[in-house]
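Some notes on the structure that comes next.
Hydrogens, waters and symmetry mates are skipped; everything else that's a heavy atom, side chains included, is used.
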Amino acid sequence: MYRFLLGATLVVGLPLGACGTVEDDRPATLEYVTATILAPACANAQCHSAFHQAKGYAFDSVEHARTTIDVNGLVSAGDPEGSFLLTVMTRPGADNASRMPYDEPLPEPDIALISRWIADGAPGLGAP
Amino acid sequence: MKRLLWLVPLAVVAALGTAAEAYPQFQLSRDQTCTGCHISPAGGNLLNENGLSQAESMSQFGTAPEFFYGKVPSPSWLVLGGDLRGATGYIQTPEHAFVAFPMQAELNAAMTFGKFSLHVTAGARPRTVGGSAATRVWAREHYLMWQQKPGETTGVYVRAGHFMPVFGLRLAEHPVFTRRYGGTPLFADTYAAAVEYVAPKGELHFTGFIEDPLIDPVSHASGAAAYGELRVGEHAALGAEGMYEQTADDKKIRAGITGKLYLPGSDLLLQAELQFVNQLVDKTPTNPAGGAPKGIVSYLLISRMLGNAFLLDLGYGFYDPNLRIANLDRDAFDLNLHWFTTSHLELVLNTRYELIGYDFDGKKGGDAGAYALFQVHYRM
């Protein structure tokens, strides 16, 4: 029993201490941001997947993310503070404005990567 | 304020909506396999005779467990069922709100003709906003199954149609990280073909699947999944899992292990799953470097029956999508209390506290979230 408990604790608990420490060198691109942040965090069954498209937004693929951002003007290239996409991820809850995603807010490094992508001119938007 | 209250439940439904499935918490402690209680080799949905008997015997006020208390007669080749769920409670994500929302309204049917059977699960779905789905109904599952030994709970099963590949622990609560981030998120059912083998000593499941060509799906992946589990002695099991997924944008290779141990003396069931995910983001002219984050998703669940009609779960989940980068990880601490009041009615308290980007050094990677929801589940 105790061996299993120890094993289970190691299997599941070890990751707690396995967080990386290197400088964030992830590509600040639409493709990378969509595949690793927007799709897993935002494209749930009843949020911004093609399945539901809450508010008409879909972030479950690069094509859908590009269209959603372009059509709805969610990003102002070169201006993170002026981009609605970043605003909704960072604003505090208020009477008329809630932060996204509701269920699991993004970690700060992910928000920083999206900000860097926008600051770099948001490459990947427009026609592919 | 009204706008906020309208939007919050939608998001919570995404996080906490569910589809009725088996409780793997009963494996080893009650029956060895999912087919011990369920018609499907994947578990979930319709109960067989033993499953109905279990539902009656382990409820507080045992009532006739059959579909509509046995008052709706059906021929022997037809099994009917259904599930209704709703929830209300408090969430902090990190905003604070009281919410109430529907979760599930589905009907199930299984029609058996010799070794072949047709299975359908149909019901409510969220309607797309400006998308292709104009209705609020869909058949989440519909598949044809061939069973080597009709009426028995072991043997070879071959399925083709629309369903979720068997993979990992298959916990019912889909906010569990190993489901949400582990290859089987809510409503990721898709067209697939599977060859499965179930025996008291173990089970094997091989599934090939494609992106749903008929609707806008939750998952755009095509690929294959494999899961095998071997019983070790009477009260333990070890499993291995692997999945390959390919979309237009990336590929994911998942590999992991599972373990289950039932401790009869203390009536504790421990289940654990650890999965490594290697994601390969495609290289494109505007993303020349591609990207290859390697992550971990895991879950540990400790369950115990309290008396005859209560089930207590304590869970811990860990998810880190990129082990190289600090403060991307999530830690979830779950406590669920199930009360099986009658053969058909289950009341559940689901609670979670989640840390986002937690760092022992005190650096802050994000906010904490929490919820406490009271769930009502009525099985028809």
Side-chain angles (χ1 to χ4, degrees), chain A residues 1 4-5 7-9 11-13 15-22 24 26-27 29-32 34-37 39-40 43-47 49-56 58 60-63 92-110 123-124 128, chain B residues 1 3-4 7-8 10-15 17 93-95 126 128-131 181 185-187 216-218 220 247-250 259 261 263 270 272 274 279 281 284 286-287 289 291 293 296 298-300 316 318 320-329 331 354 356-357 365-367 369:
Chain A
M1 167 186 173
F4 183 89
L5 283 172
T9 303
V11 161
V12 182
L16 261 179
C19 305
T21 54
V22 303
D24 193 346
R26 295 177 292 170
T29 65
L30 174 66
E31 290 84 349
Y32 190 90
T34 300
T36 65
I37 300 174
N44 297 313
Q46 302 201 27
C47 292
S49 60
F51 184 75
H52 182 51
Q53 300 173 34
K55 295 190 76 72
D60 50 1
S61 70
V62 173
E63 181 186 352
D95 281 354
N96 60 353
S98 294
R99 197 168 89 166
M100 293 286 176
Y102 291 109
D103 55 337
E104 290 189 331
L106 291 176
E108 288 176 5
D110 280 348
Chain B
M1 186 64 186
R3 184 180 166 198
L4 170 67
L7 288 173
V8 165
L10 297 180
V12 178
V13 167
T93 64
E95 292 141 349
T128 58
V129 182
Y181 301 114
L186 179 66
F187 294 162
D216 286 325
V218 171
H220 294 276
T247 74
D249 306 322
D250 67 349
L261 177 65
L263 307 170
L270 293 84
L274 173 65
Q279 184 178 14
V281 182
T284 66
T286 50
N287 183 43
I296 278 180
S298 63
Y299 200 72
L300 172 64
Y316 167 68
F318 178 85
D320 191 333
N322 192 331
L323 296 170
R324 292 178 59 249
I325 309 299
N327 295 334
L328 294 180
D329 57 301
D331 301 274
E354 181 172 339
I356 298 167
D367 285 288

Using every non-hydrogen atom in the two residues, find where [X] and [Y] come nearest and quote the distance to one decimal.
X: B/Tyr181; Y: A/Pro40; answer: CE2-O, 3.8 Å
X: B/Val281; Y: A/Glu31; answer: CG1-O, 4.1 Å
X: B/Pro293; Y: A/Thr36; answer: CG-CG2, 3.9 Å
X: B/Val218; Y: A/Ala43; answer: CG1-O, 4.4 Å
X: B/Ala289; Y: A/Pro27; answer: CB-CG, 4.3 Å

Partners passing side chain to side chain donor-acceptor pair (under 3.5 Å) against B/Asp249 (at least two apart in sequence or in another chain):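 If we apply the side chain to side chain donor-acceptor pair (under 3.5 Å) test to B/Asp249, skipping adjacent residues, there are no hits.
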
Sidechain-backbone polar pair: B/Gln279 side chain, A/Ala35 backbone, donor-acceptor under 3.5 Å: yes

Under 4.5 Å from any heavy atom of chain A - which part of B/Thr284: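 The side chain, not the backbone.
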
Rounded to the nearest 0.5 Å, how far apart are [atom1] of [X] and [atom2] of [Y]?
X: A/Thr34; Y: B/Asp250; atom1: OG1; atom2: CG; answer: 10.5 Å
X: A/Tyr32; Y: B/Thr286; atom1: OH; atom2: OG1; answer: 15.0 Å
X: B/Leu328; Y: A/Asp110; atom1: CG; atom2: CG; answer: 5.0 Å

Minimum side-chain heavy-atom gap B/His220-A/Asp60 below 4.5 Å: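 In contact.
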
